[in-house]
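These notes are about the structure you will find just below.
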Amino acid sequence: MIRRCCKIKELQINEEIREREVRLIDVDGSQLGVVPTKKALEIAEEKRLDLVNVAPNAKPPVCRIMDYGKYKYELAKKEKEARKNQKVINIKEIRLTPNIETHDLNVKAKRAMDFLKDGDKVKVSVRFRGREMGHTEIGKEVLDEFAKITADYGVIDKAPKLEGKSMVMYLGPKTE
């Protein structure tokens, strides 16, 4: 059984290139045309650089003369910089009950405002138990009041919606 990998993870360099002819690009980006692989390897060796197959699926494959170690270092540096700039958004959850007192609601809202200030999303859920399921409108009022209190720091991403035995609303941080 012959197994072929459909995607090349690493670029082919120097002797790993098995093609007969390649389209060669010099260090400065100028094209040297279609040349035999052996000649391309000799040219790269004269310049003390590597021959790298940058487009293996092209006909003929495109190879570039470059310092492969420096190229890999630059890629790693760019990737690290991109990771440093991205912001991870977490979803924090706050649970309420339909018959919550105003002070308790304010305390929970203050906690939600802290989460929103940090740039996280907040999932606010009101849990219904037993006979409370018959009065889901009270839960909606509680969520609307909660949204009103946190309006300075967050906006409603998803409006209150009944999911099973709880009503859920998502708040996102306010963007200027």
Side-chain angles (χ1 to χ4, degrees), residues 3-13 16 25 27-29 49-50 52-58 61-64 66-176:
R3 293 179 66 183
R4 294 185 179 256
C5 66
C6 53
K7 205 169 195 181
I8 299 172
K9 290 178 181 76
E10 288 289 320
L11 296 173
Q12 295 173 330
I13 58 169
E16 294 173 4
I25 300 175
V27 181
D28 58 2
L49 294 171
D50 299 307
V52 182
N53 192 349
V54 291
N57 296 332
V62 180
C63 291
R64 186 181 199 115
M66 65 168 83
D67 184 353
Y68 188 64
K70 185 177 180 183
Y71 172 74
K72 291 276 287 179
Y73 173 75
E74 292 293 328
L75 278 180
K77 202 169 165 185
K78 282 180 190 172
E79 196 174 296
K80 186 178 179 187
E81 191 67 33
R83 264 200 312 271
K84 188 166 51 170
N85 291 337
Q86 65 181 254
K87 170 80 174 93
V88 177
I89 296 175
N90 296 321
I91 297 179
K92 307 286 187 173
E93 183 174 7
I94 292 184
R95 290 185 181 162
L96 309 171
T97 58
N99 52 4
I100 190 168
E101 294 294 324
T102 52
H103 179 265
D104 295 336
L105 187 69
N106 289 334
V107 169
K108 299 267 188 174
K110 188 174 180 200
R111 192 75 190 113
M113 285 186 240
D114 291 339
F115 292 145
L116 291 167
K117 281 181 202 170
D118 292 340
D120 296 327
K121 289 187 176 191
V122 179
K123 174 184 176 182
V124 187
S125 59
V126 176
R127 194 144 264 141
F128 299 104
R129 299 185 318 248
R131 293 183 187 153
E132 293 173 348
M133 281 301 293
H135 302 286
T136 54
E137 69 279 352
I138 297 171
K140 181 154 177 33
E141 290 171 12
V142 169
L143 288 176
D144 289 340
E145 182 63 29
F146 192 89
K148 218 178 284 175
I149 295 169
T150 59
D152 293 341
Y153 299 99
V155 291
I156 297 174
D157 278 355
K158 286 187 184 174
K161 181 181 170 190
L162 195 62
E163 294 178 359
K165 288 190 171 190
S166 59
M167 188 173 280
V168 180
M169 172 179 72
Y170 287 90
L171 297 173
K174 205 173 209 176
T175 53
E176 282 81 42

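The chain is numbered in sequence order, starting from 1.
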Sequence-distant partners of [X], side-chain contact (heavy atoms from CB on, under 4.5 Å), two or more places apart:
X: Ala58; answer: Ala55, Val62
X: Ala109; answer: Met113, Phe146, Ile149, Thr150
X: Glu137; answer: His135

List for me each residue that meets side chain to side chain donor-acceptor pair (under 3.5 Å) alongside [X], sequence neighbours excluded, and say none if there are none.
X: Glu79; value: Arg83
X: Ser125; value: Glu93
X: Asp120; value: none

Please round to the nearest 0.5 Å and tell me the distance separating atom [atom1] of [X] and atom [atom2] of [Y].
X: Lys70; Y: Asp50; atom1: NZ; atom2: CG; result: 12.5 Å
X: Ser166; Y: Arg129; atom1: OG; atom2: CZ; result: 12.5 Å
X: Asn90; Y: Phe115; atom1: CG; atom2: CZ; result: 10.0 Å
X: Thr136; Y: Met167; atom1: OG1; atom2: CE; result: 5.0 Å
X: Tyr153; Y: Lys174; atom1: OH; atom2: NZ; result: 10.0 Å
X: Glu132; Y: Arg127; atom1: CD; atom2: CZ; result: 11.5 Å

Practice prompt. Name all pairs fulfilling the salt bridge (charged side-chain N to carboxylate O under 4.0 Å, His left out) condition that reach into residues 144-158, sequence neighbours left out, sorted by first residue then second.
Written response: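 Qualifying pairs: Lys121-Asp157, Lys140-Asp144.
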Fill in: Counterpart residues, salt bridge (Lys or Arg N to Asp or Glu O under 4.0 Å), relative to Lys72 (two or more places apart)
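For Lys72, the residues satisfying salt bridge (Lys or Arg N to Asp or Glu O under 4.0 Å) (neighbours in sequence not counted) are Glu10.
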Practice prompt. Please name all residues satisfying salt bridge (Lys or Arg N to Asp or Glu O under 4.0 Å) with Lys77, sequence neighbours left out, ordered by chain then number.
Written response: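 Result, salt bridge (Lys or Arg N to Asp or Glu O under 4.0 Å) vs Lys77: none returned.
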Worksheet item: Under a 4.0 Å N-O cut-off, is there an ion pair linking Glu81 with Lys78?
Response: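 Result for this pair is no, no salt bridge flagged.
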Worksheet item: Please, which pairs that meet side-chain hydrogen bond (donor to acceptor under 3.5 Å, both in side chains) have at least one residue in residues 99-118, sequence neighbours excluded?
Response: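 The answer is Thr97-Asn99.
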Discussion item. Using every non-hydrogen atom in the two residues, find where Leu143 and Pro160 come nearest and quote the distance to one decimal.
Written reply: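 Distance-wise, the nearest heavy atoms are CD1-CB, 3.7 Å.
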Worksheet item: What's the verdict on side-chain contact (heavy atoms from CB on, under 4.5 Å) for Val122 and Ile91, showing C-alpha distance, side-chain angles and the deciding distance?
Response: CA-CA 5 Å; Val122 179; Ile91 297 179; over 6 Å; no
